Amino acid sequence: MEVGIEAIRHGADAVYIGAGSFGARAAAGNDISDIIRLVEFAHFFRAKVYVTVNTIVYDNELEDVRQLICDLYSAKVDALIVQDMGILEMDIPPIPLHASTQMDNRTVEKVDFLHKCGFEQVVLARELKAEQIKAIHDAVPDVSLEVFVHGAMCVSYSGQCYVSEDVFCRSANRGECAQLCRMEYDLLTRDRKSNKERVIVRGKSLLSIRDNCQIDNLEALVMSGASSLKIEGRLKGVDYVKNVVADYSRKLDEVISRHPDELVRASSGQTVLRFSPDWRKSFFRNFIFQPKSVGEFVGKVSEVGHNFFKIKRVGGRRVGVSDYSEMNNGDGVCVLDSEGSMVGFRINRVDGDKLFPLEMPRSLRNGMSVYRNQNQKFEKMLAGETADRRVSVYITFSDSCDGFVMSAEDEDGTRVVMPVVYDKEIARSSQHDNIVRQLSKLGDTMFNAKNVDVDMSDNWFVPSSLLSEWRRSLMSDLYEKRLESYPLHESVITQSSHTYPKGYEFDYLMNVANELSRQFCERHGVTVRQKAFEITHPHNVPVMFCEHCIRREMGMCLRNKDGKDISQRDRVTHDDLFLRMSDGKEFRLEFDCKKCEMRVVSQY
């Protein structure tokens with residue numbers, strides 16, 4: 001809840017948050033009472049709160065889910081992000097539903113189907129490019145599209161990853177992903193006749209891919225039809241959220257300023273930052289096959305001494321100590337060794353342009369790129385009050401036959417009027433400036449006095465103490481009325497009769513885990529041949545479907561520059577490539593070169 005508040009304070013127009021259960025991050029649950037507090041804060045700024053109920057649901061949990069949805073509706077959340085289609089068969093309040101990326105939303109046909117089912121917003125697959133988003137928007141213009149712009153990239157299409165359940169009985173579709181994509185594997189090949197194997201790569205995180213960063217691509221995404229830009233931030237610290245949200249919000253303001261007739265922010269209030277945000281200074285996986293955050297590039301090693309080294313920036317200037325970009329005592333830094341593995345160490349002391357590590361790494365060599373993944377000075381700054389967000393208000397003060405009348409109107413047109421009965425008397429000195437000064441003191445509120453207009457028929461005396469008291473009452477009334485007038489939207493899901501898009505899988509990939517979900521599918525023309533992986537645990541089937549291709553990343557791609565399959569194989573090629581975990585568990589790799597897709601197959 002506290003992190004959600006900081007996200008809004010630093011510029012977010014909406015936040016998504018997990019409830020106490022049934023969210024795709026089981027460790028990121030929140031009590032209803034905390035969600036209610038977040039909703040009040042968000043709605044004051046006309047920002048929205050979306051709650052994730054985006055796991056598959058078992059039959060014995062259906063009533064618990066229905067009751068949770070009723071509680072969230074009472075808490076006035078703006079929408080639910082859901083995965084299980086069984087929810088559409090429930091008797092639930094008229095709360096808007098968003099289709100989670102866990103539904104694997106990659107095609108025009110799928111998004112059109114979801115829109116016809118009643119979903120008002122669809123969270124698209126992380127893998128989609130701007131031109132694909134535009135094609136979906138052009139075909140289904142009435143549904144809002146949400147696009148991930150920053151954070152972790154799942155190596156498998158979301159909702160189509162079963163490897164965690166396969167190995168540890170921890171389902172990613174149940175919010176319990178064990179992060180097997182960040183673990184180390186050997187890549188090996190095995191001869192079919194002799195069964196002799198050869199290790200190609202040993203001990204690498206071959207399924208770990210770079211994080212997503214679209215900060216320089218926001219304009220293209222927005223103009224392609226994305227109306228919601230999503231920063232993946234659950235299970236991240238508040239310093240990460242502050243910095244990344246502020247940086248993206250500032251960039252988005254620049255995009256909007258270039259298209260004033262087409263774009264507008266979806267929430268109210270003005271954010272004033274007390275620092276210069278830079279997403280590079282927060283957690284970010286920079287490299288393929290590297291599961292940790294290497295950090296921001298700071299320069300190259302220019303000299304290595306017995307117990308110190310020096311760094312020179314690209315461009316010539318040496319690294320010293322002056323601002324957030326410079327090195328500080330206690331900073332964490334790293335280099336990548338000849339094997340591409342991260343070697344991390346801490347800077348014990350900075351003396352001019354000499355950096356003294358706590359322990360001198362043996363692998364340090366001239367010319368090595370140095371990255372900083374812990375910036376002590378920047379993190380200390382983020383721990384304080386780093387942003388202030390306020391709603392503009394226009395205040396008027398005038399006299400009446402039996403006293404005075406005060407009014408306040410905010411930037412969204414919410415208005416309150418407060419008459420005050422008071423025996424007026426002429427003042428000896430001008431009252432105008434003092435009235436303006438006293439009514440402008442809104443420091444303990446979430447309002448900012450944009451203008452104070454004083455219109456009195458005579459120079460009436462008004463005590464400063466009473467002006468302060470009236471101001472507090474006026475702002476309290478405006479605060480309450482602002483919350484009461486929040487335009488909460490309701491939506492009713494109606495039972496439709498259209499069918500699933502052609503070519504959709506009807507086996508375990510449908511993720512049908514309960515009777516209501518099965519009924520939904522059959523009502524839409526689908527006979528479910530196999531229940532969810534978590535229930536049936538099928539053998540020798542793909543447990544990951546990936547756009548990421550190990551063979552391509554290692555220069556072993558079978559397609560030429562024209563995109564044609566050099567091997568001339570029409571569909572799936574079996575190259576006898578395997579991934580082996582440290583405990584000996586193996587997965588076979590399949591490559592669908594026509595789709596440019598890699599599949600990780602469980603070896604049972």
Side-chain angles (χ1 to χ4, degrees), residues 18-19 21-24 26 51-70 72 79-107 109-123 125 157-162 164-165 169 171-177 491-538 541 543 545:
S21 54
F22 305 111
V51 178
T52 58
V53 188
N54 57 342
T55 65
I56 59 172
V57 182
Y58 296 153
D59 280 305
N60 64 341
E61 299 169 331
L62 289 172
E63 178 55 28
D64 291 339
V65 171
R66 192 194 69 79
Q67 185 57 55
L68 173 62
I69 292 173
C70 291
L72 293 171
L80 303 180
I81 303 175
V82 304
Q83 174 186 12
D84 198 305
M85 288 298 203
I87 290 175
L88 278 70
E89 299 290 300
M90 292 181 179
D91 180 18
I92 58 174
I95 188 169
L97 298 182
H98 294 182
S100 170
T101 189
Q102 290 293 113
M103 289 185 180
D104 187 28
N105 307 318
R106 283 181 278 160
T107 67
E109 293 76 17
K110 183 66 176 291
V111 174
D112 181 52
F113 172 78
L114 294 171
H115 175 54
K116 289 175 180 176
C117 287
F119 288 96
E120 298 189 0
Q121 186 155 298
V122 175
V123 187
Y157 295 122
S158 296
Q160 304 289 281
C161 181
Y162 310 95
S164 182
E165 172 70 18
C169 291
S171 169
N173 283 317
R174 299 271 294 166
E176 299 174 335
C177 177
S491 176
V492 179
I493 297 293
T494 58
Q495 292 196 348
S496 55
S497 59
H498 53 279
T499 59
Y500 264 95
K502 292 181 180 180
Y504 206 72
E505 301 286 352
F506 307 139
D507 53 14
Y508 70 98
L509 299 176
M510 288 286 289
N511 295 327
V512 174
N514 60 71
E515 179 62 19
L516 291 183
S517 182
R518 185 192 66 78
Q519 291 177 11
F520 175 89
C521 291
E522 293 193 350
R523 189 162 56 79
H524 290 82
V526 174
T527 299
V528 179
R529 298 196 299 265
Q530 187 179 34
K531 287 190 174 182
F533 188 98
E534 289 78 1
I535 296 174
T536 58
H537 288 95
V541 297
V543 290
F545 296 80

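The structure presented is a predicted model; accordingly, all values stated were derived computationally and were not measured.
Put simply, CD on Gln519 and CD on Glu515 are 4.5 Å apart, with the number rounded to the nearest 0.5 Å.
Distance alone, capped at 3.5 Å, places no donor-acceptor pair between the Gln530 side chain and the Asp507 backbone. Side-chain atoms of Lys110 come within 3.5 Å of backbone N or O of Met103 as a donor-acceptor pair. A donor-acceptor pair is defined here as one N or O able to donate and one able to accept, closer than 3.5 Å; such a pair exists between the side chain of Asn511 and the backbone of Gly159. Panel note: side chain Asn173, backbone Ile56; no donor-acceptor pair is recorded below 3.5 Å. Put simply, the side chain of Asn105 gets close to the backbone of Val123: a donor and an acceptor are under 3.5 Å apart. Not one N or O on the side chain of Asp104 forms a donor-acceptor pair closer than 3.5 Å with the backbone of Tyr157.
Asn60 CG: more than 12 foreign heavy atoms inside a 6.0 Å radius.
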Run Cys521 and Val512 through side chain to side chain contact (heavy atoms under 4.5 Å, CB included) and show every step you take. CA-CA 9 Å; Cys521 291; Val512 174; 3.8 Å; yes
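Counting only heavy atoms from C-beta outward, the side chains of Val57 and Leu516 never approach each other to under 4.5 Å. Side-chain contact between Tyr162 and Glu534 is present, with heavy atoms from C-beta onward closer than 4.5 Å. Using a 4.5 Å heavy-atom cutoff, the side chains of His524 and Met85 are not in contact. Residues Asp84 and Gln102 have side chains not in contact (no heavy-atom distance under 4.5 Å, counting atoms from C-beta outward). In this structure, Cys117 and Leu88 have side chains that are in contact, with non-hydrogen atoms separated by less than 4.5 Å. Residues Glu165 and Val543 are not in side-chain contact: their nearest non-hydrogen atoms beyond the backbone lie 4.5 Å or more apart. For the pair Arg529/Met510, no side-chain contact is recorded, criterion being any heavy-atom separation below 4.5 Å from C-beta on. By the 4.5 Å heavy-atom criterion applied to side chains, Thr107 and Pro501 are not counted as neighbours.
For Phe533 and His537, the ring centers are positioned less than 6.0 Å apart.
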